[in-house]
Number of protein chains: 2
Amino acid sequence: MDPLKVIAVERRRQILELVWRDELSAGDIAARFEVSWPAISQHLGVLKAAGFVTERREGRSRLYRANPEAMGHLRAVIEATWQSRLDDLKAVVEADPRNQEDQ
Amino acid sequence: MDPLKVIAVERRRQILELVWRDELSAGDIAARFEVSWPAISQHLGVLKAAGFVTERREGRSRLYRANPEAMGHLRAVIEATWQSRLDDLKAVVEADPRNQEDQ
DNA sequence: TCGTTGTTTAAGTGGTGACTTAAATATAAA
DNA sequence: TTTATATTTAAGTCACCACTTAAACAACGA
């Protein structure tokens, strides 16, 4: 799934926040939300497939944790496609006299 | 609409790229895609409502252009919620010996 | 004012995906 | 083995939204 679509869903961003610092089991994560466990499990599957989290099995539990590589990569993608042009654009727009008359 | 949902749609990102440097009319934009004009008009409405583009009327045309303020703001939001923690996280994970055994 | 051009608004359709409950799987404990 | 615990997979539902065509609106020229 498109990484931007993955993080466009608020529930997944909430999950990511939870596993940002702490490695948590699927159950621990699910317990913090008022949706069903399968719903969380599905989100975890999406996050894992997109590389945003890693999974580690320990006994009966599956422990999840944010994957900083993927997070950094996403940021790089956003910056590569947007930020560099943003700097150019800002200069262009600010030098444009029309910039005073149109909101 | 949630800014992340706005940019999660590829067509809207394509439109944004087009109006990044050049101010284009709705018709010029629509002509570059193989979808109907109303489809593009709707996307422009979403982009405008979210502040990603500005609209300027000139005669019968409506001219659109990327709004660097909003773009910069989005980037700030992403960095604020993610980047600062990313730095912390990277250190935490790299110092974790389990990082060698689980992929 | 009447058509023409540029664009949006209206109304409807189809696909996707976030959710549900029920069933299946996996591991550990009794 | 059997049972309990942890989690996923299966199957189905519902809402949303990107698209469509048709109609409306706006601004200009004849």
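We use all heavy atoms of the structure for the numbers below, so side chains are in, but hydrogens, waters and symmetry mates are not. Quick caveat: nothing in here was measured; it's all calculated off a predicted structure. In what follows, chains carry the letters A, B, and so on, assigned in the order in which the sequence lines appear, proteins first and then strands, with residues in each chain numbered from 1.
Side-chain contact between B:Y64 and B:T54: absent, with no pair of heavy atoms (C-beta onward) separated by less than 4.5 Å.
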Show the distances under 3.5 angstrom between N or O atoms of the protein and N or O atoms of nucleotides 24-29 of chain C.
none

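For A:V6, the side chain to side chain contact (heavy atoms under 4.5 Å, CB included) criterion is met by A:M1, A:R12, A:V46, A:L47, A:A50, A:F52, not counting sequence neighbours. Legend: residues meeting side chain to side chain donor-acceptor pair (under 3.5 Å) with B:R60, ordered by chain and number and at least two apart, are absent. Not counting sequence neighbours, the partners of B:S25 by the side chain to side chain contact (heavy atoms under 4.5 Å, CB included) test are B:D28, B:S61, B:L63.
The salt bridge (Lys or Arg N to Asp or Glu O under 4.0 Å) contacts involving residues 42-52 of chain A comprise A:K48-A:E55, where partners must be two or more places apart or lie in separate chains. For residues 1-10 of chain A, the side chain to side chain donor-acceptor pair (under 3.5 Å) pairs, not counting sequence neighbours, are A:D2-B:R13.
Contacts between residues 32-39 of chain B and DNA chain C, defined by a heavy-atom separation under 4.0 Å, are made by B:W37, B:P38.
Protein chain B contacts DNA chain D over a range whose 5' and 3' limits, counting nucleotides with an atom under 4.0 angstrom from a non-hydrogen atom, are D:dA18 to D:dC28.
We find that CE of A:M1 is positioned 7 Å from C1' of C:dG17, with the value rounded to whole Å.
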Under 3.5 Å, sequence neighbours excluded: what are the donor-acceptor pairs made by side chains of residues 32-39 of chain B?
from, atom 1, to, atom 2, distance (Å)
B:S36, OG, B:A39, N, 3.4

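Residue-to-nucleotide proximity on DNA chain C shows that, of B:G27 and A:H43, the 5′-proximal contact is made by B:G27.
Across its full length, the helix from C:dT1-D:dA30 to C:dA30-D:dT1 shows an angle of 10° between the axes of its 5 terminal pairs at either end, rounded to 10 degrees.
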